[in-house]
There are 2 protein chains.
Amino acid sequence: MELSNTRTKLIRTAMLLFWENGYHATSIADVLKKAKVNSGSLYHFFPGKSDLLAAVLDLYHDGIRQMLLEPPSAGLADPLQKIFAVLGRYRRSLLETDCFYCSPIGSLALELRDPDERVRVRLAKNLRAWTDVIDDCLQQSKLRIPAEVNRRELAQFVLTVMEGGVMQARTFRDVAYFDGAVRQLRHYFACLARGGSKRLMRRARIPARIVRKKAKSRIAP
Amino acid sequence: MELSNTRTKLIRTAMLLFWENGYHATSIADVLKKAKVNSGSLYHFFPGKSDLLAAVLDLYHDGIRQMLLEPPSAGLADPLQKIFAVLGRYRRSLLETDCFYCSPIGSLALELRDPDERVRVRLAKNLRAWTDVIDDCLQQSKLRIPAEVNRRELAQFVLTVMEGGVMQARTFRDVAYFDGAVRQLRHYFACLARGGSKRLMRRARIPARIVRKKAKSRIAP
DNA sequence: GTCTATACCCTGATAGAC
DNA sequence: GTCTATCAGGGTATAGAC
């Protein structure tokens with residue numbers, strides 16, 4: 001087990017650049033230059049660029065709980081507050097970057113149309129780990145989740161809202177779009193706290209009839 | 001005013017390819033080949049690739065209502081059902097592509113980290129037009145939106161959920177993640193319909209035992 | 001407006017000495 | 001493991017005749 005310093009330096013540098021500029025826009029040369037490493041060394045450790053990306057995703061995954069949850073929720077006791085503290089951290093990142101911020105994993109997931117399976121699996125693993133963090137908070141919280149709402153699905157919904165909110169804030173260059181999404185989520189949570197209704201959820205299935213239509217037509221946004 | 005056929009052909013071809021393969025992965029050569037047009041013609045109409053993209057975004061925008069709302073909601077009277085019919089259409093696209101589907105605008109918005117302003121503005125304009133469609137449905141619907149919920153923000157929230165849901169379904173290659181997001185959204189709507197504020201809840205004659213619960217998770221702004 | 005040919009750059013990746 | 005030099009290919013964009 002060789003704890004190569006060069007290897008680590010490459011991964012950390014790539015992690016930073018992929019996050020700042022995206023995967024496509026970051027060339028191998030960029031990584032080499034910033035890490036002050038030569039081409040030969042990189043290809044000694046990694047067969048190709050996508051293997052470097054895979055290593056970056058593994059690094060994200062290993063540190064996700066520590067990086068995602070702990071800093072923003074330090075000192076907070078209420079698990080629900082922790083969830084919104086995590087979201088608040090994304091908000092701060094948006095502010096600090098004039099709404100250029102991208103969530104590292106989400107933007108990679110959408111930038112790479114057809115990643116090789118090794119990469120795709122790691123992206124999914126990261127999203128799952130993110131959701132785990134939220135799910136734990138929900139479990140520890142005193143929020144009485146109505147029987148008809150699945151807790152894990154609700155945790156996934158938090159991720160959904162975060163990613164969608166960041167995307168809009170970024171596109172409009174206005175954090176208000178993120179704030180609006182979070183506010184709706186808060187309101188939803190407030191509704192849940194007040195109590196849901198089984199009767200109302202019965203219609204919540206995706207109606208089969210929507211699938212009926214002919215294939216092919218294009219869809220906007 | 002020259003209604004150039006070649007120009008239109010280029011835009012439509014680029015629209016299709018950008019959507020299928022993304023902007024980066026689509027080369028000018030790809031567009032030229034598929035449209036059976038020569039390089040000189042393209043650069044006669046467009047100074048560069050990003051101008052072609054801008055034209056594509058304008059085309060999306062012009063047809064958004066027709067392409068987004070009308071096909072899936074044909075025959076539906078209830079505006080709320082129309083909203084979920086639109087979402088159902090995205091679901092169908094996911095199914096038909098084995099969850100490779102990307103929403104055209106959303107994925108462009110995230111693929112292009114730093115688009116020139118002309119492109120960025122058009123992306124925003126498209127998202128706004130999408131939201132307008134949903135907003136109109138909400139306005140026409142009989143859904144009683146509680147006073148503390150802004151209607152336009154709720155429409156934006158639908159977009160947020162759609163984009164976030166598509167992203168997760170795509171990454172996990174499993175439409176269940178999209179379904180879960182939509183189900184949560186439905187549930188939220190059901191909560192709103194029941195009355196998101198105490199006043200409305202009382203009007204809806206919700207038994208006191210449900211209302212009783214303290215707004216404990218009143219996750220403050 | 002359309003055609004062919006091509007300039008020129010940057011990319012990921014390799015070769016082979018040390 | 002690290003270094004320098006370099007390849008082959010594909011990218012956008014241009015030139016200039018027709």
Side-chain angles (χ1 to χ4, degrees), chain A residues 1-57 107-108 111-120 122, chain B residues 1-57 107-108 111-120 122:
Chain A
M1 172 102 154
E2 187 73 10
L3 274 183
S4 160
N5 195 14
T6 302
R7 193 187 131 96
T8 312
K9 207 193 317 180
L10 283 168
I11 297 175
R12 302 194 96 91
T13 306
M15 179 166 64
L16 183 65
L17 290 177
F18 289 165
W19 172 54
E20 280 181 354
N21 308 322
Y23 179 75
H24 286 307
T26 301
S27 71
I28 298 272
D30 293 334
V31 177
L32 296 174
K33 188 178 159 195
K34 177 139 191 167
K36 282 180 221 144
V37 167
N38 297 306
S39 166
S41 297
L42 189 150
Y43 284 99
H44 170 72
F45 293 110
F46 306 99
K49 191 181 177 183
S50 73
D51 302 271
L52 179 57
L53 174 60
V56 166
L57 291 173
S107 58
L108 282 173
E111 183 186 353
L112 309 168
R113 292 284 177 133
D114 193 5
D116 31 310
E117 193 61 8
R118 281 169 25 270
V119 168
R120 212 218 84 226
R122 283 170 169 82
Chain B
M1 149 130 121
E2 187 74 5
L3 273 182
S4 160
N5 195 13
T6 302
R7 192 186 133 95
T8 312
K9 206 192 318 179
L10 284 167
I11 297 175
R12 303 193 97 92
T13 306
M15 178 166 65
L16 183 65
L17 291 178
F18 289 165
W19 171 54
E20 281 181 353
N21 308 323
Y23 180 74
H24 287 306
T26 301
S27 71
I28 298 272
D30 292 335
V31 177
L32 295 174
K33 188 177 159 196
K34 178 137 190 169
K36 281 179 221 144
V37 167
N38 296 304
S39 167
S41 298
L42 189 148
Y43 284 99
H44 170 72
F45 293 109
F46 306 99
K49 190 182 178 184
S50 73
D51 302 270
L52 179 56
L53 174 60
V56 166
L57 291 173
S107 57
L108 282 174
E111 182 185 354
L112 310 168
R113 291 284 177 134
D114 194 6
D116 32 309
E117 193 60 8
R118 282 169 25 270
V119 168
R120 211 218 85 226
R122 282 169 170 83

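In the text below, chain A, chain B and the rest are named by the order of the sequence lines, each starting its count at 1.
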N/O (side chain, Asn38(A)) to phosphate O (OP1/OP2, dT2(D)) under 4.0 Å = no
Whole-Å distance, Lys9(A) NZ to dG1(D) C1', equals 13 Å
To the nearest angstrom, how far is Leu42(B) atom CG from dA13(D) atom P?
-> 9 Å
For Lys9(B) and Lys36(B), indicate whether the former's side chain and the latter's backbone hold a donor-acceptor pair under 3.5 Å.
-> no
Quick one: Phe46(B) CZ to dT12(D) P, roughly how many Å, whole number?
-> 15 Å
Show your working on side-chain contact (heavy atoms from CB on, under 4.5 Å) between Phe46(B) and Ile11(B) and close with a plain yes or no.
-> CA-CA 10 Å; Phe46(B) 306 99; Ile11(B) 297 175; 3.7 Å; yes
Whole-Å distance between dG1(C) P and His44(B) NE2?
-> 5 Å
Might you confirm whether atom CZ of Arg118(A) has over 12 heavy atoms from other residues, nucleotides or ligands at distances under 6.0 Å?
-> yes
Calculate the interatomic distance between Lys33(B) atom NZ and dG10(D) atom P; express it in whole Å.
-> 12 Å
Atom pair distance, as rounded to whole Å: CG in Leu32(A) and P in dA5(D) = 15 Å
Decide yes or no on side-chain contact (heavy atoms from CB on, under 4.5 Å) for Glu20(A) and Leu17(A), but give the supporting numbers first.
-> CA-CA 5 Å; Glu20(A) 280 181 354; Leu17(A) 290 177; 4.3 Å; yes
Output yes when a side-chain donor or acceptor of Glu111(A) lies under 3.5 Å from a complementary backbone atom of Gly22(A), and no otherwise.
-> no
Would you mind building the protein contact string for nucleotides 12-18 of chain C? One character per nucleotide, 5' to 3', B for base within reach (heavy atoms under 4.0 Å), S for sugar-phosphate only, - for untouched.
-> SBB----
Dump the intermediate steps for side-chain contact (heavy atoms from CB on, under 4.5 Å) on Asn21(A) and Asp30(A), then the final yes or no.
-> CA-CA 11 Å; Asn21(A) 308 322; Asp30(A) 293 334; 5.9 Å; no
